[in-house]
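What follows is a single structure, written as structure tokens, with notes after it.
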Amino acid sequence: MQRGTLIRSAFALVLSCSTALMAKERVVGFTQIGAESAWRTAETESIKSTAKELGVNLKFSDAQGKQENQIKALRSFIAQKVDAIILAPVVETGWEPVLREAKKAKIPVVLVDRGVKVSDESLYATLISSDFVYEGREAGKWLAKRTNGKARIVELQGTPGAAPAIDRKKGFAEGIQEHPDMKIVKSQTGNFNRADGKQVMEAFLKSEGKNIDAVFAHNDDMALGAIQAIEEAGLKPGKDILIVSIDGVKSAFEAMMAGKLNSTVECSPLLGPKAFAAIDRALKGETLEKWIKQEDRVFPQELAAAEISSRKY
Ligand code: AHR
């Protein structure tokens, strides 16, 4: 074979190999809890848009708040032999068998936003989330300061069994523990959504009358529902009843500017870039740190006007 022909064939071979490599797109399955809050919609958007930017083929599944749907989606991703899985687990327990199946199939699972309770941590690559205990504690500390350690509090809890509901409750109790005159007089789930938050607050107002000084809502959406209930009861949210919540979504900042919400603790849902970076590392065979923690801060209403334009969700 002539030298020129040899070079051309070698070049063609290199080109076809690299095209084949480029053509093998990465496939990632993402099982999302649902769309119960503005926060969750922002998280979904962050993961979808990052996948798009990176050219990842994202298989998205909305579980409508049901663990059984998430387990079905996980099994379907495993059967499709996806490269990796992103799981936002609705509750903490009940994941071990399906995570074992993913491990057996050598598919790394990256947990986003909520953790799971398993006997073997090697069943997932890493957890990317905020510190929910810290968030609850900061909310409690803020309220203790604002009320001089004296308040009858009603609590709107998140989804039963969910890590943020369990941990925020625990953290809040820690935040107020040095104040014996701060009492949680009623506590019930509002399932992290606005409609349930409103309904539960209506019931609290009915049973407690005007004897409520403050609301601790495990997320902003429930706080916004509570605001509506308080207004409909002829009271002034943010003044007659103080309200502290968690997430830091834009509508919470608007409510703070309107004087109806007093404080929110940030919990960033913008987890897409970190999730895909973690997948990259896991697929390269790296052992990841078990918790990639998000740093969050408290936003009392005095800061709302200055901060609202820089909020990204
Ligand atoms: O897991 C994070 C929590 O879930 C957010 O605080 C809440 O808004 C969401 O639904």
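Values reported hereafter were calculated over all heavy atoms of this structure, with side chains retained and with hydrogens, waters and symmetry mates removed. Counting convention: from 1, in listed order, for ligands and their atoms alike. The model shown is predicted, which means the values in this text are computed figures rather than measured ones. Numbers here are sequence positions counted from 1.
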Any chance CD of Gln199 has more than 12 other-residue heavy atoms, nucleotides or ligands included, within less than 6.0 Å?
no

Classify the ring geometry between Phe192 and His218 as parallel (under 30°), tilted (30 to 60°) or perpendicular (over 60°).
tilted

Any N or O of His218 that comes nearer than 3.5 Å to an N or O of ligand 1?
no

Just jot down the ligand 1 atoms closer than 4.0 angstrom to any heavy atom of Ser37, in number order.
7 (C), 8 (O), 9 (C), 10 (O)

Is any side-chain N of the basic residue among Lys260 and Glu231 closer than 4.0 Å to the acidic one's carboxylate O?
yes

Taking atom NZ of Lys290 as the centre, does the number of heavy atoms from other residues, nucleotides or ligands within less than 6.0 Å exceed 12?
yes

Side chain, backbone, both or neither: the part of Arg168 lying under 4.0 Å from ligand 1 by heavy atom
side chain

Which residue owns the protein heavy atom closest to atom 10 (O) of ligand 1, what's the atom, and how far is it?
Glu36 OE2, 2.4 Å

Which atoms of ligand 1 sit under 4.0 Å from any heavy atom of Pro164?
1 (O)

Do the charged groups of Arg26 and Asp83 touch, with an N to O distance under 4.0 Å?
no

Could you walk me through whether Val265 and Trp142 satisfy the side chain to side chain contact (heavy atoms under 4.5 Å, CB included) test, starting with their C-alpha distance in whole Å, then the side-chain angles of each, then the deciding distance to 0.1 Å, before giving a yes or no?
CA-CA 10 Å; Val265 184; Trp142 178 87; over 6 Å; no

Judging by distance only, is a nitrogen or oxygen of Trp39 under 3.5 angstrom from one on ligand 1?
no

Closest approach of any protein heavy atom to atom 5 (C) of ligand 1, naming residue and atom:
Asp247 OD1, 3.4 Å

Output the list of atoms in ligand 1 that are nearer than 4.0 Å to some heavy atom of Asp113, sorted by atom number.
1 (O), 2 (C)

